[in-house]
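Step one of this worksheet: look at the structure below.
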Amino acid sequence: MTTLICDCNRTMPLAPDALGKALGETLTLHSTLCRRDAGAFQQAIRGESDVVVACTQEKRLFAELGAATEGAAAPVKFINIRETGGWSRDASQAMPKLAALLAAAHLPDPDPVATVTYKSAGRLLIIGPLDRAEQAAALLDDVLNVTIFAQGFGELGGAQDRRFPVLSGRLNAVTGWLGAFEAQWTQDNPIDLDLCTRCNACLAACPEGAIGLDYQVDVGRCQSHRDCVASCQVAGAIDFSRPPETYAETFDLVLNVGTHPVFTRHAPPQGYFTWDGADPRVLLRLRDMVGEFEKPKFFDYKQKLCAHSRNGTVGCDACVQICSAEAISSDVRNQQIKVNPNLCVGCGACTTVCPTGAISYSYPRSTDQGARLRTLLSTYARAGGRDAIVLLHSQDRGQDLIGQLGRAAALGVAHGVPANVIPVSLWHTASLGADLWLSAVAYGASQIAVLTTGEEAPQYLDGLAAQMDVAQAVLSGLGYAGRHLHLLRESDAAGLDRALLALAGNSPQAPGEHARHAVAPEKRTTLELALDHLIAHAPAPLPQAIALPAGAPGAGAALGGLEVDSERCTLCMSCVGACPSSALLDNPQAPQLRFLEKNCVQCGLCVTTCPEQAITLTPRLLLTPQRKEAVVVNETQPFHCVRCNKPFGTVKGVEAMLGRLAGHAMFQGAALERLKMCGDCRVIELYSSENETKITQL
């Protein structure tokens, strides 16, 4: 591999020898790699191995230089070491962090993922006051096929010349996504806009001023003088007796220029835009929205792992509740959830709150994220770094905020990103949860900080906080002193600077030996690997169990046991059939209910399924060997057939059945006695009894 470092006109105190030793290569320090030293870049890209350039500011210039370089074949990657630490006040101590960032940049690109395709022919629906809608339409109609849905007329009213089709009425719903929107509305106004000539005679004739420049009647103000009808006899556009009609039409794009949102969800669908008349970038983006578009399919779903429902009973619905795009719905009939890939925006919150890993993040996959965290932390430790803090941030607003902080540090008005804080960009901060946080701690991180900037949905913040409570309870219960997990809510560089400095001054306890395991594709396996390492290297004597916060499914790391009331439980085994993770097991050789706590995801299906209400959940992390063993939680004696003495059912189960049916008219005398027989003897008894009426006798 080849790494090119530049101290950006000697504004960063880089140590090429220390960095090279950590990376296992000889580095040359450049000061103007994008100018006078550009020849070194050209020479490096003539090879075949990956080239990492420690500069993101001049990516475009380097791309142009590469295109003009004969024989250039090497893949080029860019990494920012300037704003992320090179410009900070303690930059001279940041070589371990910078080495970690450079090492992670050399990792291979994640495998390609499936894509979701949108097709747009440019059919645009503009919703809002007529004057503003026509203003936007005039700027777009040379590229897009515009239709206006008028909601009032604004300050100026509509133009007299009819340039665009105009719909009106009561907008019932807008559903869909880019290329597949459907608008449904009810036309319940007396004025038919298709017949209206905009002669304004009705406006002049109406004594109440109930007709506006959107050419619709405000029925609340209308006093039924019908002067407007008389003024429109020739065109015949006004008819108060016309019954309301409902219409539907499809569009590729939707632009809302009104004050009321069409979609109230936090993450509206692709293809939906809002414009307040000030930011021209919205209209410029709309002009480019014609053609075929692709985005990653952000998730994978395995129904067999899903704990959503069994036998018509809903257990875990954490993903449905947290999705800000309303892309996930419940399908109880088929015992699964459904994810609409067209509505999914890739936040990954559903994957972090899923207790089983049935829905997993694929952009990138958890294995790739785990490899990046392990590379960062192992390189940091190898270079002599201590007390590493992993700062997870979004690659949009979060990355911009870190850039602002770095530039403020270069100007001497901020400290900058501390030397032991390692920024890690994510598509969305909600895409990593407790399994990878705990893995990072096992890899050697002393703290994990998740930077939120106000772009996240409120339920995401609640979900992240709940997961942190569970993960921190585990670490504290194992004896690791201090606070390891932090949710930072910052909107400006000054606030972020203060928060990071406060974290950098802490030194919570971390494992004495760093883990080497790779993150597994399965969430529960990753969680178990991290827990095993943390338990094995716990600094204090272990308790038998660690109590965890309640509400485990929404907390992602759903760990716990259950209690069975042996007095109520009849061993009907309904819970065994409902358990999606094989945590509850029967015993084919004896009437026993067994429980394997390691598999329990605390979904609650057993609780809601149990007819005797004999089961309660106990969120906890059991630290004894029994956690990984199937232990008997209830057992009883088998009931023996009163005719052949063959065991069937349980004593408690048969007694409960007899007690419930004893008063029923169909189960009296011999019929009640047959309930004490096995299935074979019951049939024999029915056919051999002289007192039973046979169907052939009827």
| field | By side chain to side chain donor-acceptor pair (under 3.5 Å) - contacts of Arg163 (at least two apart) | value | Asp141
| query | Going by atom types alone, do Thr274 and Asn256 pair a side-chain donor with an acceptor below 3.5 Å? | reply | no
| Spacing of Cys319 atom SG and Phe299 atom CZ [to the nearest 0.5 Å] | 10.5 Å
| task | Side-chain contact test, heavy atoms from C-beta onward, threshold under 4.5 Å: evaluate it for Leu487 versus Leu451 and give yes or no. | result | no
| query | Looking at residues at least two apart in the chain, or sitting in another chain, which of them share a side-chain contact (heavy atoms from CB on, under 4.5 Å) with Pro244? | reply | Thr186, Asp188
| task | Measure from the side-chain N and O atoms of Gln187 to the backbone N and O of Ser168, and report whether any donor-acceptor pair falls under 3.5 Å. | result | yes
| message | Measuring from atom CG of Leu343 to atom CD1 of Ile328, what distance do you get when rounded to the nearest 0.5 angstrom? | response | 10.5 Å
| message | Contact between Lys77 and Asp109 at the side-chain level, heavy atoms closer than 4.5 Å - yes or no? | response | yes
| note | Output for pair (His266 NE2, Cys323 SG), nearest 0.5 Å, gives 12.0 Å
Name the atoms and distances for all side-chain donor-acceptor pairs under 3.5 Å in residues 397-425, with sequence neighbours left out.
| residue | atom | partner | partner atom | Å |
| --- | --- | --- | --- | --- |
| Arg397 | NH2 | Ser491 | O | 2.7 |
| Arg407 | NH1 | Gly403 | O | 3.4 |
| Asn420 | ND2 | Asp387 | O | 3.0 |

| request: With side chain to side chain contact (heavy atoms under 4.5 Å, CB included) as the test, would you mind laying out the steps for Val353 and Gln467 before giving the verdict? | output: CA-CA 8 Å; Val353 300; Gln467 292 178 72; 4.1 Å; yes
| query | Any donor and acceptor pair, going by atom type alone, linking the side chain of Ser362 with main-chain N or O of Lys297 inside 3.5 Å? | reply | yes
| task | Quick one: list whatever passes side chain to side chain donor-acceptor pair (under 3.5 Å) with Arg36, sequence neighbours left out. | result | none
| said: Run the side chain to side chain donor-acceptor pair (under 3.5 Å) test against Gln321 and tell me which residues pass, sequence neighbours left out. | reply: Asp317
| Okay, side chain of Lys97, backbone of Thr84: is any donor-acceptor separation there less than 3.5 Å? | yes
| field | Check: Leu125 and Glu249 side chains under 4.5 Å, non-hydrogen atoms | value | no
| query | Can you check whether Val143 reaches Asp288 side chain to side chain, under 4.5 Å on heavy atoms? | reply | no
| task | Mind checking side-chain contact (heavy atoms from CB on, under 4.5 Å) for Asp37 and listing every partner two or more places apart, or none if nothing turns up? | result | His30, Thr32, Leu33
| query | Can Asp142 and Arg287 be counted as an ion pair, charged N to O under 4.0 angstrom? | reply | yes
| note | Of all heavy-atom pairs linking Pro296 and Val116, the shortest is O-CG2, 4.3 Å
| note | Tightest non-hydrogen contact, residues Leu436 and Leu432, listed as CD1-CG, 3.6 Å
| Going by atom types alone, do Gln459 and Asp462 pair a side-chain donor with an acceptor below 3.5 Å? | no
| request: May I ask you to check whether over 12 heavy atoms, not counting those of Arg10, lie within 6.0 Å of atom CZ? | output: no
| task | For side chain to side chain contact (heavy atoms under 4.5 Å, CB included), just list the numbers for Leu171 and Gln151, CA-CA rounded to whole Å, side-chain angles, deciding distance to a tenth of an Å, and then say yes or no. | result | CA-CA 9 Å; Leu171 188 62; Gln151 293 183 320; 4.0 Å; yes
| task | Please tell me if the side chains of Val52 and Ile79 come closer than 4.5 Å, counting only heavy atoms from C-beta onward. | result | yes
| field | Residue pair Val320 / Lys338, side-chain heavy-atom distance below 4.5 Å | value | no
| Can you tell me how far CG of Leu139 sits from CD of Glu134, rounded to the nearest 0.5 angstrom? | 12.0 Å
| request: Would you indicate whether the side-chain heavy atoms of Leu107 and Arg372 approach each other to under 4.5 Å? | output: yes
| For Arg132, side-chain contact (heavy atoms from CB on, under 4.5 Å) partners two or more places apart | Val257, Asp276
| Of all heavy-atom pairs between Ala137 and Ile148, which one has the smallest distance, and what is that distance? | CB-CD1, 4.3 Å
| query | Would a distance-only check, ignoring hydrogens and angles, find a side-chain to backbone donor-acceptor pair under 3.5 Å from Lys523 to Thr351? | reply | yes
| Mind checking what makes ring-ring contact (aromatic ring centres under 6.0 Å, His included) contact with His106, not counting sequence neighbours? | none
| query | Hey, does the side chain of Ser120 reach the backbone of Gly122 with a donor-acceptor pair shorter than 3.5 angstrom? | reply | yes
| note | Hits for ring-ring contact (aromatic ring centres under 6.0 Å, His included) against Phe41, two or more places apart or cross-chain, chain-then-number order -> Phe62
| Any donor and acceptor pair, going by atom type alone, linking the side chain of Asn9 with main-chain N or O of Thr11 inside 3.5 Å? | no
| field | Candidate pair Gln42 and Leu65, rule side chain to side chain contact (heavy atoms under 4.5 Å, CB included), full reasoning | value | CA-CA 8 Å; Gln42 292 180 294; Leu65 191 60; 3.7 Å; yes
| message | Tell me if the CZ atom of Arg265 is crowded by more than 12 foreign heavy atoms within 6.0 Å. | response | yes
| query | Are Thr246 and Trp185 close enough that a side-chain donor and a side-chain acceptor fall under 3.5 Å? | reply | no
| request: Look up atom CG in Leu144 and atom CG in Leu124, then write down how far apart they are to the nearest 0.5 Å. | output: 5.5 Å
| said: Please give me the minimum heavy-atom distance between Val339 and Pro341, naming the atom from each residue. | reply: O-CD, 3.2 Å
| request: Go through the structure and list residues passing side chain to side chain donor-acceptor pair (under 3.5 Å) with Trp437, not counting sequence neighbours. | output: none
| task | Verify, without hydrogens or angle tests, whether Tyr460 (side chain) and Cys347 (backbone) share a donor-acceptor contact under 3.5 angstrom. | result | no
| task | For the residue pair Thr250 and Glu182, confirm or rule out a side-chain donor-acceptor distance under 3.5 Å. | result | no
| field | Backbone of Cys344 reached by a side-chain donor or acceptor of Lys295 within 3.5 Å | value | yes
| query | Between atom OH of Tyr118 and atom CE of Met289, what is the distance when rounded to the nearest 0.5 Å? | reply | 9.5 Å
| request: Evaluate the side-chain proximity of Ile211 to Ile191: yes if any heavy-atom separation is below 4.5 Å, no if none is. | output: yes
| query | Is Ser360 reaching over with its side chain to a backbone N or O of Gly357, donor-acceptor style, under 3.5 angstrom? | reply | no
| said: The criterion is side-chain contact (heavy atoms from CB on, under 4.5 Å); which residues satisfy it with Leu461, sequence neighbours excluded? | reply: Thr452, Glu456, Arg489
| Just by distance, with hydrogens left out, do Ser366 and Tyr361 show a side-chain donor and acceptor under 3.5 Å apart? | no
| message | Strictly distance-based, threshold 3.5 Å: is any side-chain N or O of Asp252 a donor or acceptor partner for the main-chain N or O of Ala121? | response | yes
| query | Does a side chain donor of either Arg82 or Gln57 reach within less than 3.5 Å of an acceptor in the other side chain? | reply | yes
| field | ring-ring contact (aromatic ring centres under 6.0 Å, His included) partners for Tyr363, two or more places apart | value | Phe298, Trp427
| said: Between Tyr215 and Asn189, do the side chains contain a donor N or O and an acceptor N or O under 3.5 Å apart? | reply: no
| said: Restricting to non-hydrogen atoms, name the atom on Gly85 and the atom on Ala94 that form the minimum distance, rounded to 0.1 Å. | reply: O-CB, 4.4 Å
